[in-house]
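Structure, as structure tokens:
In this text, all values refer to a predicted model and were calculated from it rather than measured experimentally. Computed from heavy atoms alone, side chains included, the values below leave out hydrogens, waters and symmetry copies. Chain naming here is simple, since letters A, B, ... match the order of the sequence lines and numbering starts at 1 in each.
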Amino acid sequence: MLSSDQGVKPLSSGEELMELAKRRGFLWPSFELYGGASGFYDFGPLGSTLKNKIVEKWREHFVRREDSLEIDSPTLTPEEVLRASGHLEHFVDLMSECGKCGQSFKISELVKERTGLDVEGKPREEVEALLEEKGITCPDCGGRLGKVLEFNTMFRTTIGPGGRKVGYLRPETAQGIFVDFRRLWRHGRERLPLPVAQIGKGYRNEISPRQGMIRLREFTMAELEVFFDPENPTHPSFGKVAGERLRLWRAEDEMKGEERMVEVSAREAVEKGMVCHQLMAYYLALTKRFLMDLGLPEERLRFREQTPGQRAHYSRETWDAEVRTERFGWVEVAGIAYRTDYDLSRHAEASGESLSVVLQPGKRKVVCHVVEPSFGIDRIFYCVLETAYLQGRKGLRFKKELSPLEVGVFPLLRRDGLPEKAREVAELLKQRGFWTEYDEAGSIGRRYARADEVGIPYCVTVDHRTLSDGTVTIRERETARQVRTPLEKLPSVLSSLLKDELRFEEAGTPLEEKEEGEEEEEGEEG
RNA sequence: GCGGCAGUGGUCUAGCCUGGUCUAGGACACAGGCUUGCCGAGCCUGUAGCGCGGGUUCGAAUCCCGCCUGCCGCACCA
């Protein structure tokens, strides 16, 4: 079952989508005025709204419904925190690749092995000279090692005057949660599992960011750290998701070179030992529901288990949620990692403070283990945008409630008091919480077309009848059909339509294609 | 980071090879006006560009160098 099925429509070129995104205010290259900077993107006005809506959906799924505690901690992080977490050791490294066989190596380990010297933290030039001097060659084939690359993916800076205190922009939001653990434990009334969320920017100084939004140097991540009792890795609400079907690509199959998917329910995944425990499976299922709620098609989702070599230093088991895109193939949009007690133990050790807790019945003292679902919001944003592009025959088609503009309000003509009335209607809708755009430029057809392009699902038009009987027309993007609805019912009707709780035919009385009658006959007008 | 290709208003593009006639032309888009009685109609007016920096030359969008950005391949993505 290799993925050979065709997309809804081919991406004529990824460029066309990006051109639309740029032109209509979704994405702009950052710092363009000064030539731009690779690995950064600005969200334009519509992009910002869309991104916020995605984040809000995440919050709904992973915070509000789950009774998670959400915090917001600094992005700039003192060095000792990231030393304790292992990031200093694992993010900052010197690498070199063999000129002959192409294999790349961590220099610090190689040098230590061969000479016993510790070059951790030494400048690049010095290490390069050392390699030459000691005649260190490729351990695989004996070939000459090429240039030493600085593999420093954390942005370093100093805090306060004097430049003595070193800090880094955080590579993940998680550490802000771990260091707050004791307060969170108390705030959460000393109960497990304890899910804690954080949404915010993360930074990685990628060596060469490519693929647009897929690899950024600054990105928004949404993370949940779920603390639990290692002797009881269950979730009280597991029953609600136990039947959710999961498409899994297991590490053992990947390591055999087989792209073999297994489709099982969340419950089966645990029972058959495919996923390490119930809590992991619970969040896999929740992740799937979240992604589908953004309008991503089920057949384009899968979970891929990372092989031991791919896993981060803190993880014992990791499942990546992947979305198949036209432009980039399968893209990892979330990672669900079993971090064990790695972080809490490391911070306890480094800080000298105890981070264990006492579980009341039985007074058992434990260091909590952690399951971490971690989402790349920008990548999800791209997937949502691409999906909207593929599904919108003309322009974008978002899942309605996700559309950055929900309703367009137009006067049929720019006279006879129609604009004034239409502005009133737009004002009303804005007050009722709709993302509304008022437009009176050009012909009505042009406005519909503009609205279609950015995916506005419904357009309301004010015409002469509005003035006499207080009704407006609502036009549905997908079919260009129209119904006529009284103004006083408009907010509730639109709200139901946007939530897919009301069929369009039921939103009002259908509008005849052409209001029959004398067109050519009277010929005279003022 | 390495190699190849490329960069002209918001978008697409003509011009570049064979420097001057380019105070850079067109289309679409956008803004204002007229018009317009339901799906990108028309007319008028307007805004706006040679990626950045340096060099060659009497003269550079055009030739040369560096940088930036993008695309493709390699590497990297803990």
Name the pairs: protein N/O against N/O of nucleotides 6-12 of chain B, kept only if under 3.5 Å.
none

Could you run down the sub-3.5 Å N/O contacts of the protein with nucleotides 31-33 of chain B?
from	atom 1	to	atom 2	distance (Å)
B/G33	OP2	A/Arg414	NH1	3.4

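The side chain of A/Arg327 lies closest to B/C71 when the candidates are B/C77, B/C71, B/G70. Of the candidates B/A41, B/C39, B/C38, the closest approach to any side-chain atom of A/Arg446 belongs to B/A41. Of the listed nucleotides (B/C77, B/C38, B/A41), B/C77 has the atom at the smallest distance from the side chain of A/Arg215. The nucleotide whose nearest atom lies closest to any side-chain atom of A/Leu412 is, among B/C77, B/C38, B/G40, B/C38. The A/Ser208 side chain lies nearest to B/A75 when the options are B/A75, B/G40, B/C77.
Relative orientation of the A/Tyr314 and A/Tyr342 rings is tilted, given thresholds of 30° and 60° on the angle between their planes.
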Item to complete: For RNA chain B, just give me the dot-bracket, please: Watson-Crick or G-U, both distances below 3.5 Å, ( ) intra-strand, [ ] crossing earlier pairs, | paired with another strand, . unpaired.
Response: (((((((..((((......[....)))).(((((.......)))))....(((((..]....))))))))))))....

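Judged by distance alone, the side chains of A/Arg484 and A/Thr471 do bring a donor and an acceptor atom under 3.5 Å apart.
Distance, A/Leu17 CG to B/G70 P: 16 Å, rounded to whole Å.
Among the atoms of the strands shown, base atoms are found under 4.0 Å from some heavy atom of A/Arg210.
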